[in-house]
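This report concerns only the one structure given below.
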Amino acid sequence: MTDTIKRRGFLQKSATLGLGAAAASTLAAPAIAQAAPNIRWRLTSGFPNSLDTIYGGAVYAAEQVKAMTGGKFEIQVFQGGEIVPGPQALDAVAGNTVEIAHTCGYYFTGKDPAFAIGSAIPFGMNSRLQNAWLYHGGGNEAYDDFLKGHGLMARPGGATGSQMGGWFRKEINSLADLKGVKMRIAGVAGDVMARLGVVPQQLPGGDIYPALERGTIDAAEWVGPYDDERLGFYQIAPYYYYPSFWEGGLTVHFFINPAEWEKLPEEYKAVLDAAFHAANINMQSLYDVKNTTAIRELVGKGAQLRPLPRDVMDEAYTQTFALYEEYGQKSPAWAKIYPQWKKFRDEGMEWFRVAEFSYDSYVFGAQAAGK
């Protein structure tokens, strides 16, 4: 058989196979589409839609889910307060008023301090170590085991990176200057600051500026430069402190009703997990870009950047770990999760000191020196 005839036969056979594959694909696509159910979930956010990056994490995930399912699975996002107030978000999920919420676990430490450990606690891990613990260090499993008792499950769905230490009307030069300061600060961080003499107040993001304006509070922390600029805190409280020792790496979670999750086809569960992973990475990346610009703008508008005094940091560190011991005595869930969290944190920090910290310290110093 000549080479020409061989090639002609191969091409004819390939064309036939190609038509068969195309026909199979044409037949399979409608069958899959017909098999996939139409599902509509409602999501209550813990944030106002004016804070487009942190609120936008839920919107971003919903868009990914809709795109990946060809519109068969839709999640309608409601800002905090539209369906239920932010402090009732988890009760709404557990009671199946909504199928899902997007909020911070540490807002609910009044129920149990263990709610905070999945999101951020003082002197915890940075965002990379936090993700490592949650995804591959047993954190998600430990958190879900705890949440099961509250009729919930959760997935990481947003990160802010290390946050700022807040806005103060008056300069803080020492630990003594914190005594009696009324500060908007939530959860475990509020418990620590109370031990430093602060009077903690828990307020939603949209209520902070009016409280500062009226003098109901003297100081406030939220996230970082981008959100803080949008909220206008610099107009009333000019002293901007860093770092936020209570949020070295915040994780925002999607809290889900387990019964509704189990009703989903396996493909939709995979879609949700992929969308949540994407939202987690996307939020962190957006904040890293937006904060870089916003910090310059805030300084240009008169914000006075200040490091928290060393005696504040030292006393906070001491009080934090004393508090954790007390939590372990009153919360069985904390006593169960905290030891493995602490072990992962300590060993992770040992490794990060070798490469990450040494690299960052040198290159940040070199850049600041104009090299």
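Throughout, numbering of the chain's residues begins at 1 and tracks the sequence.
Phe276 and Tyr135 are not part of a single hydrophobic cluster, where members link through side-chain heavy atoms under 4.5 Å apart. By the criterion of side-chain heavy atoms lying less than 4.5 angstrom apart, applied directly or through intervening Ile, Leu, Val, Met, Phe, Trp or Tyr residues, Leu305 is grouped together with Leu231 in one hydrophobic cluster. No path of Ile, Leu, Val, Met, Phe, Trp and Tyr side chains, each step under 4.5 Å between heavy atoms, connects Tyr55 with Ile281, placing them in separate hydrophobic clusters. Tyr287 is not connected to Val289 by any chain of hydrophobic side-chain contacts under 4.5 Å among Ile, Leu, Val, Met, Phe, Trp and Tyr, and they are in different clusters. In this structure, Leu134 is a member of the same hydrophobic cluster as Leu129, with clusters built from ILVMFWY side-chain heavy atoms closer than 4.5 Å.
Under the 3.5 Å distance criterion, the side-chain polar atoms of Asp177 are left unmatched by any main-chain donor or acceptor of Ile172. Ser331 places no side-chain N or O within 3.5 Å of a backbone atom of Tyr327 that could act as its donor or acceptor partner. Judged by distance alone, the side chain of Asn126 and the main-chain N or O of Gly248 form no donor-acceptor pair under 3.5 Å. No donor-acceptor distance shorter than 3.5 angstrom exists from the side chain of His136 to the backbone of Ala132, with no hydrogens or angles considered. In this structure, the side chain of Thr318 engages the main chain of Asp314 through a donor-acceptor pair within 3.5 Å. Arg230 places a side-chain N or O within 3.5 Å of a backbone atom of Ser50 that can act as its donor or acceptor partner. Gln79 places a side-chain N or O within 3.5 Å of a backbone atom of Asn49 that can act as its donor or acceptor partner.
For Glu356 against Arg128, the heavy-atom pair with the smallest separation is OE2-NH1, 2.9 Å. Between Ala94 and Asn257, the shortest heavy-atom contact is O-ND2, 3.7 Å. Here the closest non-hydrogen pair linking Gln64 and Ala275 is CB-CB, 3.9 Å. Residues Tyr268 and Lys72 share a closest heavy-atom pair of OH-CB, 3.1 Å. In plain terms, the two heavy atoms of Phe108 and Gly86 that are nearest each other are CZ-O, 3.7 Å. Smallest separation of non-hydrogen atoms from Val98 and Arg42: CB-O, 3.5 Å.
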*Carefully, step by step, assess Glu315 and Gln319 under the rule side chain to side chain donor-acceptor pair (under 3.5 Å).*
CA-CA 6 Å; Glu315 184 63 16; Gln319 293 296 337; 2.8 Å; yes
*Evaluate the criterion salt bridge (charged side-chain N to carboxylate O under 4.0 Å, His left out) for residue pair Asp227 and Lys290; output intermediate values, then yes/no.*
CA-CA 9 Å; Asp227 282 356; Lys290 293 178 176 183; over 6 Å; no
*Verify side chain to side chain contact (heavy atoms under 4.5 Å, CB included) between Phe254 and Leu272, making sure each step is shown before the conclusion.*
CA-CA 10 Å; Phe254 289 99; Leu272 281 177; over 6 Å; no
*asked:* Could you walk me through whether Gln340 and Trp133 satisfy the side chain to side chain donor-acceptor pair (under 3.5 Å) test, starting with their C-alpha distance in whole Å, then the side-chain angles of each, then the deciding distance to 0.1 Å, before giving a yes or no?
replied: CA-CA 10 Å; Gln340 66 113 314; Trp133 178 64; 2.7 Å; yes
_Candidate pair Phe78 and Leu43, rule side chain to side chain contact (heavy atoms under 4.5 Å, CB included), full reasoning_ = CA-CA 6 Å; Phe78 296 87; Leu43 180 151; 5.9 Å; no
*Between Ile75 and Glu63, does a side chain to side chain contact (heavy atoms under 4.5 Å, CB included) hold up when you go through it step by step?*
CA-CA 8 Å; Ile75 300 174; Glu63 289 172 347; over 6 Å; no
_Pair Asp112-Lys330, salt bridge (charged side-chain N to carboxylate O under 4.0 Å, His left out): steps then yes or no_ = CA-CA 9 Å; Asp112 193 304; Lys330 68 180 184 181; over 6 Å; no
*asked:* Please determine whether side chain to side chain contact (heavy atoms under 4.5 Å, CB included) holds for the pair Thr53 and Thr160, giving the CA-CA distance in whole Å, both sets of side-chain angles, and the decisive distance to 0.1 Å.
replied: CA-CA 9 Å; Thr53 308; Thr160 65; over 6 Å; no
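Of the inter-residue distances, the one linking Glu326 atom CD with Trp334 atom CH2 reads 11.5 Å to the nearest 0.5 angstrom. Distance check, rounded to the nearest 0.5 Å: CG of Leu250 to CD of Gln163 gives 5.5 Å. Rounding to the nearest 0.5 Å places CD1 of Ile256 at 5.5 Å from CZ of Arg155. Considering OG of Ser127 and CG of Asp288, their distance stands at 7.5 Å, rounded to 0.5 Å. A distance of 8.5 Å separates CD in Gln235 from CD in Glu213, rounded to the nearest 0.5 Å. Atoms NZ and CD1, on Lys263 and Ile39 in that order, are 9.5 Å from each other to the nearest 0.5 Å.
Side-chain contact between Trp41 and Glu260 is present, with heavy atoms from C-beta onward closer than 4.5 Å. Put simply, the side chain of Met164 does not reach to within 4.5 Å of the side chain of Trp222, judged on heavy atoms. Residues Glu74 and Val65 are not in side-chain contact: their nearest non-hydrogen atoms beyond the backbone lie 4.5 Å or more apart. Contact check for Phe233 versus Glu221: no side-chain heavy atoms found under the 4.5 Å cut-off. Between Phe146 and Pro332 there is no side-chain heavy-atom pair separated by less than 4.5 Å. Taking 4.5 Å as the limit, some side-chain heavy atom of Thr103 sits within range of a side-chain heavy atom of Phe255. Side-chain contact between Glu262 and Lys269 is present, with at least one heavy-atom pair separated by less than 4.5 Å. Side-chain contact between Val252 and His102 is present, with at least one heavy-atom pair separated by less than 4.5 Å.
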Output a table of donor-acceptor pairs, distance under 3.5 Å, between side-chain atoms of residues 196-206 and any protein atom two or more places apart or on a different chain; print 'none' if there are none.
{"from": "Gln202", "atom 1": "OE1", "to": "Gly187", "atom 2": "N", "distance (Å)": "3.4"}
{"from": "Gln202", "atom 1": "NE2", "to": "Tyr107", "atom 2": "O", "distance (Å)": "3.3"}

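Aromatic pair Trp341/Tyr338: ring centres closer than 6.0 Å. Centroid-to-centroid, the aromatic rings of Tyr143 and His253 come within less than 6.0 Å. Not less than 6.0 angstrom separates the ring centroid of Tyr106 from the ring centroid of Phe115. Note: Tyr241 and Trp167 fail the aromatic proximity criterion, with ring centroids not under 6.0 Å apart. Ring centroid separation for the pair Phe357 and Phe352 does not come in under the 6.0 Å cut-off.
A salt bridge is absent between Lys148 and Asp144: the closest approach of a Lys/Arg side-chain nitrogen to an acidic carboxylate oxygen does not fall below 4.0 angstrom. By the 4.0 Å N-to-carboxylate-O rule, Glu347 lies close enough to Lys343 to be salt-bridged with it. We find that Arg40 and Glu99 are not joined by a salt bridge, their nearest charged nitrogen and carboxylate oxygen being 4.0 Å or further apart. In this structure, Asp91 pairs ionically with Lys111, as a charged nitrogen and a carboxylate oxygen lie closer than 4.0 Å. With respect to the salt-bridge test (charged N to carboxylate O, under 4.0 angstrom), the residues Asp207 and Arg184 do not qualify.
Ring planes of Phe245 and Phe123: parallel class, angle under 30° (limits at 30 and 60°).
In this structure, Arg195 places its CZ atom where more than 12 heavy-atom neighbours from other residues, nucleotides or ligands lie under 6.0 Å away.
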